[in-house]
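Just below is one structure, and these are the notes that go with it.
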Amino acid sequence: MNDQRHTLILGSGGREHALAHQLAQSEHVGNLYIAPGNGGTLNRATNLPDVSPNNVNQVADAIEKHDIGLLVVGPEDPLVNGIRDELAQRFPHLAIVGPGKHGAQLEGSKDFAKQFMARHGIPTAAYKTFTNAKDAQAYIDKISGPYVLKADGLAAGKGVLIINNAEEAKSAVVDMLEGDKFGEAGHRLVIEAFLDGIEFSVFAAVDGKSHVLLPTAKDYKRIGEGDTGLNTGGMGAVSPPPFVDDALMIKVEERIVKPTVEGLQAEGIDYRGFVFFGLINVGGDPFVIEYNCRLGDPETEVVLPRINSDFGELCLGIHNQTLHNYEIDILPESAATVMVVSGGYPEAYEKGKEISGLNQVHDDIMIFHAGTARDGDKLRTNGGRVMAFTAIDDHYQRALMHAYNAIDKVCFEGIYFRKDIGFDLP
Ligand code: AMP
Ligand code: GLY
């Protein structure tokens with residue numbers, strides 16, 4: 001293979017471990033590095049623990065030192081801060097998967113995303129943007145609840161409040177706009193209409209002109225069973241969600257994905273990366289809840305294992321604008337993943353707990369590490385979300401059963417996981 005490139009993945013979560021797993025199998029990938037990586041990624045790639053994805057100079061040094069030809073950016077922060085623009089200038093031949101600063105605004109600013117959708121007729125909840133609490137309160141008086149309040153900027157998935165009571169919503173508005181509830185991100189506020197339906201996630205690889213749809217997924221964000229309690233980074237996922245049928249996907253592609261890709265192109269935004277469409281099915285019609293400028297976590301841990309075709313080729317196609325030639329081969333089976341987390345997460349939790357039992361887990365289970373670190377020959381917890389257990393079978397319920405059986409073999413102090421992933425699916 002002549003176009004084999006040494007590859008660097010930025011990030012340290014389960015998503016990045018799944019990316020490493022997939023890219024390690026690619027004919028187009030030479031040496032594989034991950035910065036900073038975690039206790040699991042080093043089985044697939046060389047960890048660069050001293051390189052922070054948010055430090056462009058450190059990333060640039062690593063690119064030079066390791067002769068990197070393909071860079072895959074996992075998380076949103078470096079993209080929203082413009083890592084692509086800066087590195088593309090310094091390394092004209094580097095293939096970068098991830099949009100520039102302008103395109104990343106789809107995730108970096110709710111207001112930008114809403115205006116973009118309005119310009120291109122993409123279905124989403126009606127909204128208004130505020131910087132002044134009095135105006136926002138007057139708007140709440142005019143509309144009916146539940147009230148959906150969104151911090152404009154990045155808030156690590158925690159910037160959305162859904163409040164039934166108008167008085168509570170009005171006081172939350174003051175906390176956001178005048179206080180520091182979400183820091184800077186909350187000083188501009190989007191209030192939008194509440195949409196009632198079931199959520200799902202669609203992912204597209206985009207090369208600026210064409211797109212390739214990846215497998216669909218549904219994630220489980222709340223910490224508690226029955227979707228209760230605080231929001232987390234994600235506690236599990238299923239791919240495909242059984243209610244996402246062909247008829248719904250045709251609407252998604254025609255009404256949402258194509259107008260998004262065409263809209264980006266029409267506005268001169270050279271978007272080369274992944275678009276994550278957070279969607280909601282309202283009576284058979286899809287609406288956009290949010291855009292992200294990257295793959296989801298833990299959705300990636302079920303989406304990527306279902307892709308049989310060469311993922312390195314897909315990444316290079318994003319850069320070379322050759323996605324129209326890429327034929328994606330998707331496994332018809334279902335994948336399910338369950339995240340095990342540290343007791344206390346998403347609030348305060350302890351780190352450094354020894355993890356045992358992984359060697360008892362059957363080889364068919366894919367274990368994607370998130371918050372783990374090596375300590376000599378031991379593996380220890382090193383974050384809130386610790387590991388995702390992914391299994392594949394012909395029905396998602398069977399896949400889940402395999403994942404849960406695997407988790408039963410694993411132990412660390414304070415281990416917690418939701419036992420009801422998929423509970424709401426037919
Ligand atoms: P976001 O950060 O925009 O994805 O919002 C976080 C969560 O809030 C979503 O996953 C939904 O569960 C919920 N949400 C956001 N916007 C709406 C809306 N307009 N109607 C109903 N639920 C929403
Ligand atoms: N699982 C949701 C996210 O990655 O934002």
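When a ligand or atom number is given, it counts from 1 through the structure's own listing order. Start at 1 with the first residue, then count along the sequence.
T41 and N47 share a donor-acceptor pair across their side chains, judged by distance under 3.5 Å alone. In this structure, a donor-acceptor pair under 3.5 Å is present between the side chains of E299 and S201. Between the side chains of Y291 and T260, at least one donor N or O lies within less than 3.5 Å of an accepting N or O. In this model, a donor atom of one side chain and an acceptor atom of the other lie less than 3.5 Å apart for D393 and H402.
Using a distance-only test at 3.5 Å, with no hydrogens or angles considered, no donor-acceptor pair links the side chain of T216 to the main chain of P240. At least one donor-acceptor pair closer than 3.5 Å links the side chain of K114 to the backbone N or O of A125. With hydrogens and angles disregarded, no donor-acceptor distance shorter than 3.5 Å links the side chain of S309 to the backbone of I328.
In terms of N/O distances under 3.5 Å, ligand 2 is approached by D297. Looking at ligand 1, you'll find an N or O of K150 within less than 3.5 Å of one of its N or O atoms. The N/O atoms of D219, backbone and side chain alike, include one that comes under 3.5 Å of an N/O atom in ligand 2. Considering backbone and side-chain atoms together, A125 places no N or O closer than 3.5 Å to any N or O of ligand 1. Considering backbone and side-chain atoms together, E299 places an N or O closer than 3.5 Å to an N or O of ligand 2.
Of the heavy atoms in I280, none comes closer than 4.0 Å to ligand 1. For L195, heavy-atom contacts with ligand 1 shorter than 4.0 Å involve the backbone as well as the side chain.
Ligand 1 places these atoms under 4.0 Å from at least one heavy atom of K221: 10 (O). Close contacts between ligand 1 and I162 involve ligand atoms 8 (O), 13 (C), 14 (N), 22 (N), 23 (C) [criterion: under 4.0 Å to a heavy atom]. The contact set between ligand 1 and E192, taken as ligand atoms under 4.0 Å from a residue heavy atom, comprises 16 (N), 17 (C), 18 (C), 19 (N). The F276 neighbourhood of ligand 2 comprises atoms 3 (C), 4 (O), with distances under 4.0 Å to a heavy atom of that residue. Near E290, with a cut-off below 4.0 Å to any heavy atom, the atoms of ligand 1 are 1 (P), 2 (O), 3 (O), 4 (O). Atoms of ligand 2 lying under 4.0 Å from any heavy atom of R294, numbered from 1 in the order shown and given with element: 3 (C), 4 (O), 5 (O).
M235 places a side-chain heavy atom less than 4.5 Å from the side chain of T232. L213 has its side chain within reach of H211: a pair of non-hydrogen atoms, C-beta onward, lies under 4.5 Å apart.
Under the 4.0 angstrom criterion for non-hydrogen atoms, G296 is in contact with ligand 2. Using a 4.0 Å heavy-atom cutoff, G233 is listed among the residues neighbouring ligand 2. Using a non-hydrogen distance threshold of 4.0 Å, P146 does not register as a contact of ligand 1.
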> What's the verdict on side-chain contact (heavy atoms from CB on, under 4.5 Å) for T129 and L189, showing C-alpha distance, side-chain angles and the deciding distance?
Replying inline: CA-CA 6 Å; T129 301; L189 166 73; over 6 Å; no

